[in-house]
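Sharing a structure below in structure tokens format, with a few things to ask.
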Amino acid sequence: VEADKAWETSRTRIISIAVITYLAAALVLYYIGVKNFLQSALIPTGGFILSTQSLPLLKRWWIKNFFKE
């Protein structure tokens, strides 16, 4: 259980998903004819990375304000 929890928050997992997201987005954008598909693929990848970095802050805030025992 602890290993699964560590994996969920690991940088390796985040980077792996970001790379897969970038490649998938680039492929889709290429096939639909987007001119700068490699550059455009950075948008969803950046969104994913941003969400993984901002959610721990949101989680701490939520626990502090809404999860009271």
Side-chain angles (χ1 to χ4, degrees):
V1 174
E2 289 181 29
D4 284 335
K5 189 173 183 179
W7 169 250
E8 289 297 319
T9 59
S10 73
R11 293 217 184 267
T12 303
R13 177 181 175 272
I14 293 168
I15 291 168
S16 298
I17 294 173
V19 169
I20 292 167
T21 301
Y22 178 77
L23 294 173
L27 186 65
V28 169
L29 293 170
Y30 172 77
Y31 279 114
I32 65 172
V34 173
K35 188 175 183 179
N36 296 321
F37 65 95
L38 293 175
Q39 184 177 8
S40 297
L42 292 172
I43 295 169
T45 306
F48 167 74
I49 292 171
L50 181 62
S51 72
T52 62
Q53 299 307 307
S54 62
L55 288 180
L57 293 174
L58 182 60
K59 179 182 174 183
R60 283 193 295 271
W61 173 81
W62 184 85
I63 289 170
K64 179 181 174 188
N65 292 296
F66 294 99
F67 188 74
K68 299 177 180 176
E69 294 183 29

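These numbers come from the heavy atoms of this one structure, side chains and all, not from hydrogens, waters or symmetry mates.
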Inset, instruction - Write down the atom of Ile14, the atom of Thr9, and the distance for their closest heavy-atom approach. - result: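 Looking at all heavy atoms of both residues, the shortest contact is CD1-O, 4.4 Å.
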Legend entry - salt bridge (Lys or Arg N to Asp or Glu O under 4.0 Å) partners for Glu2, two or more places apart: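 Applying salt bridge (Lys or Arg N to Asp or Glu O under 4.0 Å) to Glu2 gives none.
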Inset, instruction - Using side-chain contact (heavy atoms from CB on, under 4.5 Å) as the criterion, list what pairs up with Ser51, not counting sequence neighbours. - result: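 Listed in chain order: Phe48.
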Anything under 3.5 Å between a donor and an acceptor, one on a side chain of residues 28-42, the other on a protein residue two or more places apart or in another chain? List them.
{"from": "Ser40", "atom 1": "OG", "to": "Asn36", "atom 2": "O", "distance (Å)": "3.0"}

Inset, instruction - Using side-chain contact (heavy atoms from CB on, under 4.5 Å) as the criterion, list what pairs up with Ser16, not counting sequence neighbours. - result: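 Expected list: Thr12.
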Legend entry - In one Ile/Leu/Val/Met/Phe/Trp/Tyr side-chain cluster, 4.5 Å: Ile17, Ile49: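 Cluster IDs for Ile17 and Ile49 match.
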Legend entry - Single-linkage hydrophobic cluster, 4.5 Å side-chain cutoff, Ile43 and Leu50 together: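 Cluster IDs for Ile43 and Leu50 differ.
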Inset, instruction - May I have all residue pairs that pass salt bridge (charged side-chain N to carboxylate O under 4.0 Å, His left out) and include part of residues 39-64, sequence neighbours excluded? - result: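 For residues 39-64, and leaving out neighbouring residues, there are no salt bridge (charged side-chain N to carboxylate O under 4.0 Å, His left out) pairs at all.
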Inset, instruction - Among residues two or more places apart or on two chains, list those pairs meeting salt bridge (charged side-chain N to carboxylate O under 4.0 Å, His left out) that have a residue in residues 12-29. - result: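 Residue pairs with at least one partner in residues 12-29: Glu8-Arg13.
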Inset, instruction - Output the distance between atom CD1 (Ile20) and atom CD1 (Ile15), rounded to the nearest 0.5 Å. - result: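 So the CD1 of Ile20 and the CD1 of Ile15 are separated by 12.0 Å.
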Legend entry - Listed partners of Trp61 passing ring-ring contact (aromatic ring centres under 6.0 Å, His included), at least two apart: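 Scan of Trp61 (ring-ring contact (aromatic ring centres under 6.0 Å, His included), adjacent residues dropped) gives Phe66.
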Legend entry - Pairs where residues 1-27 contributes a residue and the test ring pair (Phe, Tyr, Trp, His ring centres under 6.0 Å) is met, not counting sequence neighbours: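 Qualifying pairs: none.
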